[in-house]
Structures are given as structure tokens and as C-alpha cells.
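Counting convention: from 1, in listed order, for ligands and their atoms alike.
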Amino acid sequence: MNTEELKQTADALMAGDKGLLAMDESLPTCNKRFKAAGIPQTEEYRRKYRQLIVTTPGLAESISGAILFDETIYQSTDDGVLFVDIMQKAGIIPGIKVDEGTEAMPGSPNEKITKGLEGLDVRLNNYYGLGARFAKWRAVITIGKDLPTEANLEANAEALAIYAKLCQEDDMVPIVEPEVLMDGDHSIERCREVTEHTIKTLFKHLAKQGVYLPGLILKPNMVTAGKENHIKSKPDEVAKETIECLLAAVPHEVAGVAFLSGGQSPQDATRNLYEMHVKYEAKLPWPLTFSFARAIQQPALDIWKGKDKNEKAAQDMLRYRASMDSAARAGHYNA
Ligand code: 13P
């Protein structure tokens, strides 16, 4: 484990006013998004779409690193240039999703545990050789009646910590993502309680594994009421609950915190990030940024629709959403 390299990579990912772009949708997730937008669900269309993203002019002004999916890390542009090479040349650090999705938890079928630890060390080694310098593992926590169970939180946190340790042994910065889902009608207070407990459980396991915190990035959900709750959380409430939760649960040593968007609209995700920065910036012991997928990509995907003639307009929208998120981090807001 090269702690100097890990810290350098983590600091570069969190630097300035930039953030991360998650473009690591698994095959089923990417195909689901394509189907909804009327785009053929083939490898070639996925390649064309990821090409559109990585060749967007000026993207690196707002994006420090992008998370790829296994299929994507091997893909190239129409001219045969590897996406990884395009990213490195633009100054965007390549990352890779390494979990293998979720499955029902034995004994608690309404909860999920994440797969992918088997053979992970070999895969990490291979990805490093292909140019990836950081990785992502997503655990999913469900709020419901009597959920989450303690067993589920412990199992997901343990897997995240083992993954993080393996990444660092291969000099790759782990992004640890314990996503408390927005699904449900729960209150913002309930989300706060579950998110805080989830993150505290995660850091207990990270300490047990001896994970080097200055070489680690936390990717949490923002604290909000559930999607089916008739009261929509306001930006000042989301900012207050989220920041108080993180200050209570996240050690000062971590390299940074980068939020997922979790199904919030792009405007809401941007606005909430802005609110946290303008109100709480001075109190934060770690840099705070974004690592959005849908909140950056969805409007661009809706414009593209799989048609070459829409490519430039889609790239303009992608760059625009990324630049709004970067502006929010800098304390400026514009929807
Ligand atoms: P969303 O921003 O769409 O929630 O995705 C972030 C992510 O990387 C999920 O793993």
C-alpha cells in the first residue's frame, strides 16, 4: 500500500470546485435508462453514449474523475482511441465500479447485500493496469417497517470495508457508497437516523480493517424525506440534517465526501449541494462535492435519444449540468 499515492489521488479527485461523474451504470441499469428513452439496448449504443460523454468538450473544467463500468473501460471511440486515454489526456481520472450488484439478503429477503468480493483482488490489479486509479462499491440500505436490520447494516459495512482495504493494497482509492434509498414514505428525521447509524457502522468496520482514511472517499446519500412522503424536504432542511449527520459520523481524516443524487431531480440535487456550501462551508473538516449519475446525465440522455444529430446538444446539456454542480460547490446557484 502506497499511502502517498493514495492520498495524492484522493486529493486530486476532491480538488478545486470539481466533482465526480458516475457513468458506471451496470448493463441492466443502462438498458433500463435506454429503454425509457427509446434507445436500442445494445453494446454499440452503450459505446456511442459513453463516447458522447467522454468526448464532451470542456467537461474536465467541472469533473475531476469519472467512474466507468467494466464494459466501458475496454471501449474506444469511432477512431479507435481508448476512452481511458481520452479521459487521461483531458485530465479526468478514470475510476471503475467493482461491485457486482446486489442480491436479496438471506434471512431478510426485503433487504439487499452487495456481491463481488470473490476474485476482487485479481480484478483490481487488472483495472489498475488499464489505468483506473480509484474504484466504487455500492451498498443499498432499505428503510421500511423494521428495516434496516442490524444484520444487514453489519454485512454491508463489512463487505465495504474489505473492498476498501483490497483497493488500497492495490494503490486504488476506494469510494465507499452506503446508499440509504429514497424509496418509501419515511420522514426526513427517519432518514437522518438511519443514515447516521449506517455511516457509523461503516466507519467501525473500516477501522477494523485498518483502512487508510486520507486515501478514502465517502459517497453518501443526502438526508431527505422518502419519495412517497407527501412532504418534500426543503433545501435548508436537507442541508441541516445532512451536514449534522455527516459531522456526527464521518472522521475528519477522510479525503472527502461526494454525494450520490439518488433519484432527486438535477435541480434539487444541485440546489441542496449549494445550500450545504453556503450555510456550512466553514464548519466542514473535509471537502464536499458531488458524484452524480442521473442528476448530471439524465437531461443529456433525454436529448440524445440515440440520434447522431442530437449529439452536440446532448453534450452541451451534460457540460451544463456538470458546471452547475461545480458552481454549487463554489457557493453559486443557478438551476
Ligand atoms: P445517482 O447519482 O443516479 O444516484 O447515481 C450515483 C451512483 O453512482 C450510484 O451508484
Side-chain angles (χ1 to χ4, degrees), residues 13 18-34 36-37 49-50 53 62-73 92-102 112-116 132 134-143 156 159-160 163-164 167 173-184 191 195 198-199 202 217-224 226-227 238 242 256-273 276 288-302 317-318 321-322 324-326 328-329:
L13 288 169
K18 296 185 188 183
L20 303 169
L21 169 62
M23 49 179 289
D24 60 334
E25 294 82 4
S26 62
L27 297 185
T29 303
C30 189
N31 288 343
K32 187 169 86 184
R33 305 255 148 88
F34 275 18
Y49 178 57
R50 267 69 184 251
I53 295 178
S62 317
I63 299 296
S64 57
I67 314 167
L68 305 174
F69 179 62
D70 179 71
E71 176 181 88
T72 322
I73 200 167
I92 295 177
I93 303 171
I96 183 83
K97 169 189 175 78
V98 299
D99 67 71
E100 294 181 326
T102 59
K112 302 238 182 312
I113 48 171
T114 303
K115 303 176 285 184
F134 70 104
K136 184 190 100 174
W137 179 287
R138 173 174 179 253
V140 174
I141 308 298
T142 307
I143 298 182
N156 273 313
L160 273 163
Y163 140 82
C167 282
V173 168
I175 293 190
V176 288
E177 181 181 13
E179 175 174 1
V180 177
L181 295 176
M182 277 180 85
D183 300 340
C191 178
T195 303
T198 298
I199 297 175
L202 171 59
I217 293 171
L218 173 70
K219 177 163 173 166
N221 50 287
M222 296 184 189
V223 174
T224 69
K227 261 192 290 204
V238 175
T242 305
V257 174
F259 292 107
L260 60 96
S261 58
Q264 301 183 81
S265 74
Q267 290 77 10
D268 285 350
T270 309
R271 175 69 205 261
N272 290 335
L273 180 66
M276 290 182 220
L288 189 70
T289 192
F290 57 93
S291 176
F292 299 156
R294 279 165 290 179
I296 295 178
Q297 290 185 52
Q298 195 61 47
L301 186 65
D302 292 340
M317 177 53 88
L318 190 80
R321 286 271 32 115
M324 288 302 99
D325 294 323
S326 175
R329 181 177 173 183

Counting N and O atoms only, with roles assigned by atom type, does the side chain of [X] sit under 3.5 Å from a partner on the main chain of [Y], one being a donor and the other an acceptor?
{"X": "Gln297", "Y": "Ala22", "answer": "yes"}
{"X": "Tyr163", "Y": "Ala135", "answer": "yes"}
{"X": "Ser64", "Y": "Gly19", "answer": "yes"}
{"X": "Arg329", "Y": "Leu273", "answer": "no"}

Report the nearest protein non-hydrogen atom to [atom]: residue, atom name, distance rounded to 0.1 Å.
{"atom": "atom 4 (O) of ligand 1", "value": "Gly262 N, 2.6 Å"}
{"atom": "atom 7 (C) of ligand 1", "value": "Lys219 NZ, 3.3 Å"}
{"atom": "atom 1 (P) of ligand 1", "value": "Ser261 OG, 3.3 Å"}
{"atom": "atom 3 (O) of ligand 1", "value": "Arg294 NE, 2.7 Å"}
{"atom": "atom 5 (O) of ligand 1", "value": "Ala293 CB, 3.2 Å"}

Quiz item: Using 4.0 Å as the upper bound for N to carboxylate O, is an ion pair formed by Lys136 and Asp99?
Solution: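 Lys136 and Asp99: not salt-bridged.
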
Exercise. May I ask you to say whether Glu25 pairs ionically with Arg294, meaning some side-chain N is under 4.0 Å from a carboxylate O?
Key: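 Answer for the salt bridge query: no.
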
Heavy-atom contact check, 4.0 Å cutoff: does [X] meet ligand 1?
{"X": "Lys136", "result": "yes"}
{"X": "Gln297", "result": "no"}
{"X": "Ala295", "result": "no"}

Exercise. Run the numbers for me: atoms of ligand 1, each under 4.0 Å from some heavy atom of Ala22, listed by number.
Key: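 Listed by number with element, the hits are 8 (O).
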
Quiz item: Looking at Phe292, which atoms of ligand 1 are within less than 4.0 Å of one of its heavy atoms?
Solution: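 Within the 4.0 Å cut-off of Phe292, ligand 1 contributes 2 (O).
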
Quiz prompt | Residue pair Ala293 / Ser261: nearest heavy atoms and the distance that separates them | solution =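 Residues Ala293 and Ser261, closest heavy atoms: N-OG, 4.2 Å.
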
Quiz item: What part of Glu177, side chain, backbone, both or neither, has a heavy atom within less than 4.0 angstrom of ligand 1?
Solution: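 It is the side chain that gets close, since no backbone atom is under 4.0 Å.
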
Quiz item: Cut-off 3.5 Å, side chains only: do Thr270 and Arg321 have a donor facing an acceptor?
Solution: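 Arg321 and Thr270 do have a side-chain donor-acceptor pair below 3.5 Å.
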
